[in-house]
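All values reported here derive from a predicted model rather than from experimental measurement. Here is how names work: the chains are called A, B, and so on, in the same order as the sequence lines, proteins then strands, and each is numbered from 1.
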2 protein chains.
Amino acid sequence: MDRFVSNTINRVDKKGRVSIPASFRAVLGDQSKLHAILSVERPVIEAGGAEFLESNLQRLSQMDPLSEEYEMWSFCLVGDADELKIDTEGRIILSDQIREHTGITDQVAFVGRGHFFQLWEPAEFQAYRERARDAVRKMRRSLGAGNTQKVSDFPTGSARSDPSGSGEGQS
Amino acid sequence: MDRFVSNTINRVDKKGRVSIPASFRAVLGDQSKLHAILSVERPVIEAGGAEFLESNLQRLSQMDPLSEEYEMWSFCLVGDADELKIDTEGRIILSDQIREHTGITDQVAFVGRGHFFQLWEPAEFQAYRERARDAVRKMRRSLGAGNTQKVSDFPTGSARSDPSGSGEGQS
DNA sequence: TTGACGCCCATAAAATCCCATGATACTCCA
DNA sequence: TGGAGTATCATGGGATTTTATGGGCGTCAA
């Protein structure tokens with residue numbers, strides 16, 4: 001297991017602690033801290049271990065250090081980030097900054113995204129999930145409209161599974 | 001045998017476990033977990049082993065990582081998925097997410113789809129199967145109307161092929 | 001001195017392992 | 001070729017181990 005996959009909702013205790021899902025801890029290995037940044041697009045936190053931090057720095061290194069672009073990115077990716085210590089039981093304490101940015105109060109949705117994972121306020125996550133599924137459904141259909149080929153290989157809802165193409169009406 | 005073929009209905013026990021059909025386990029080899037995604041089109045789960053996961057990631061890798069398109073797809077294929085551990089007896093336990101999405105309660109229809117397979121609530125599966133067969137029949141007819149040639153190559157007998165096709169009596 | 005934070009222990013619920021059983025399908029031999 | 005012996009499989013259930021979560025303490029720093 002080397003990627004963050006799937007999602008789980010965990011509770012935040014009175015001390016402000018939350019358990020990182022066991023499967024995510026497995027990916028992190030023995031690392032004792034998490035690198036977390038505030039998404040500039042959505043009310044979500046994106047986090048990961050050293051590898052995640054590296055990939056961000058990597059991106060910065062490809063920009064001109066004197067550019068405005070670099071200044072902004074670096075500010076967000078490094079300056080406006082958090083280092084969260086992972087305690088003995090595999091829990092972290094969310095900073096005020098994180099809580100304000102996400103709206104998280106007593107529950108956190110951990111969502112695997114491959115080489116990093118996200119922290120959402122459950123309701124926000126649910127809403128976003130629906131938007132995403134909707135968007136994907138539309139993309140598949142527009143693809144399928146003129147070209148069955150491409151779509152045919154896609155599982156997820158396989159447009160091909162129902163040769164008719166009419167087989168919608170899924171209750 | 002290296003593809004998932006045919007279908008079977010298995011019981012979900014009190015602990016929420018279901019046996020993966022032996023023939024599917026044979027295809028999975030010694031893998032101990034299943035990658036499962038919620039279809040965006042229908043109340044069905046699509047699952048498979050590492051190969052299945054890879055094919056999805058492969059697809060993602062062809063998109064621009066910064067695009068909205070990529071964001072949506074990766075969210076659904078990775079974040080909104082499940083990793084199901086296969087126990088020593090070749091069983092898995094279905095997540096709440098899966099049960100909600102499919103309507104599965106005490107029985108699961110495993111349907112082979114080649115390089116992946118699906119999990120349906122039996123009644124939904126039955127209904128879908130009939131719609132699909134219906135659709136195919138119509139297509140054949142419309143094809144046959146003006147052109148016998150093409151159709152003639154089709155095995156099609158699907159209509160008569162009771163060997164597996166109408167395998168109703170799900171023994 | 002008062003918190004915030006790290007570490008340790010406790011515990012209920014959930015996940016996993018291990019062994020048992022009934023039912024089939026399959027083999028092999030008289 | 002009939003049929004008993006055997007292997008495979010789906011399924012159950014008890015025992016064990018993980019997990020997530022709660023709470024107690026001591027420490028270090030304002």
How long is the line joining CD1 of A:Ile92 and P of D:dT21, in whole Å? 12 Å
Rounded to whole angstroms, how far apart are CD1 on A:Ile93 and P on D:dG22?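 Checked: the CD1 to P distance equals 14 Å.
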Tell me the closest heavy-atom pair linking B:Ile92 and B:Lys85, and the distance in Å.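 Looking at all heavy atoms of both residues, the shortest contact is CG2-O, 3.6 Å.
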Please list, pair by pair, any protein nitrogen or oxygen found under 3.5 Å from a nitrogen or oxygen in nucleotides 24-30 of chain D.
unit_1 : atom_1 : unit_2  : atom_2 : d
D:dG24 : O6     : A:Lys15 : NZ     : 2.2

Once side chain to side chain contact (heavy atoms under 4.5 Å, CB included) is applied, do any residues pair with B:Val78, and if so which ones, sequence neighbours excluded?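 Side chain to side chain contact (heavy atoms under 4.5 Å, CB included) list for B:Val78, sorted by chain: A:Val5, B:Leu57, B:Leu60.
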Residues which pass side chain to side chain contact (heavy atoms under 4.5 Å, CB included) with A:Ile93, listed by chain and number, not counting sequence neighbours: A:Arg17
With side-chain hydrogen bond (donor to acceptor under 3.5 Å, both in side chains) as the rule and sequence neighbours excluded, what pairs involving residues 53-82 of chain A come up?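 Sorted result for residues 53-82 of chain A: A:Asp82-A:Ser95, A:Asp82-A:Gln97.
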So, the side chain of [X] versus the backbone of [Y]: is there a donor-acceptor pair under 3.5 Å, distance only?
{"X": "B:Glu124", "Y": "B:Glu121", "answer": "no"}
{"X": "A:Ser6", "Y": "B:Ala81", "answer": "yes"}
{"X": "A:His101", "Y": "A:Val40", "answer": "no"}

Partners of B:Asp106 by side chain to side chain donor-acceptor pair (under 3.5 Å), sequence neighbours excluded?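 Listed in chain order: nothing, the list is empty.
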All salt bridge (charged side-chain N to carboxylate O under 4.0 Å, His left out) counterparts of [X], not counting sequence neighbours:
{"X": "B:Lys138", "answer": "B:Asp134"}
{"X": "A:Glu83", "answer": "A:Lys33"}
{"X": "A:Asp96", "answer": "A:Arg99"}

Atom pairs under 3.5 Å, N or O on each side, protein against nucleotides 16-20 of chain D: can you list them with distances?
unit_1 : atom_1 : unit_2  : atom_2 : d
D:dA20 : OP1    : A:Ala22 : N      : 2.9
D:dA20 : OP2    : A:Ala22 : N      : 3.4
D:dA20 : OP2    : A:Arg25 : NH1    : 2.7
D:dA20 : OP2    : A:Arg25 : NH2    : 3.3

When you measure from every atom of DNA chain C, which of residues 105-122 of chain A have a heavy atom less than 4.0 Å away?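 DNA chain C contact set from residues 105-122 of chain A: none.
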Heavy atoms of chain A, cut-off under 4.0 Å: which first and last nucleotide of DNA chain C, 5' to 3', fall inside that, if you could look? C:dG6 to C:dC9
For residues 39-63 of chain A, which residue pairs pass the ring-ring contact (aromatic ring centres under 6.0 Å, His included) check, not counting sequence neighbours?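 Only A:Phe52-A:Phe116 qualify under ring-ring contact (aromatic ring centres under 6.0 Å, His included).
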Just checking A:Glu51: does its CD atom have more than 12 heavy atoms from other residues, nucleotides or ligands closer to it than 6.0 angstrom?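 No, not enclosed.
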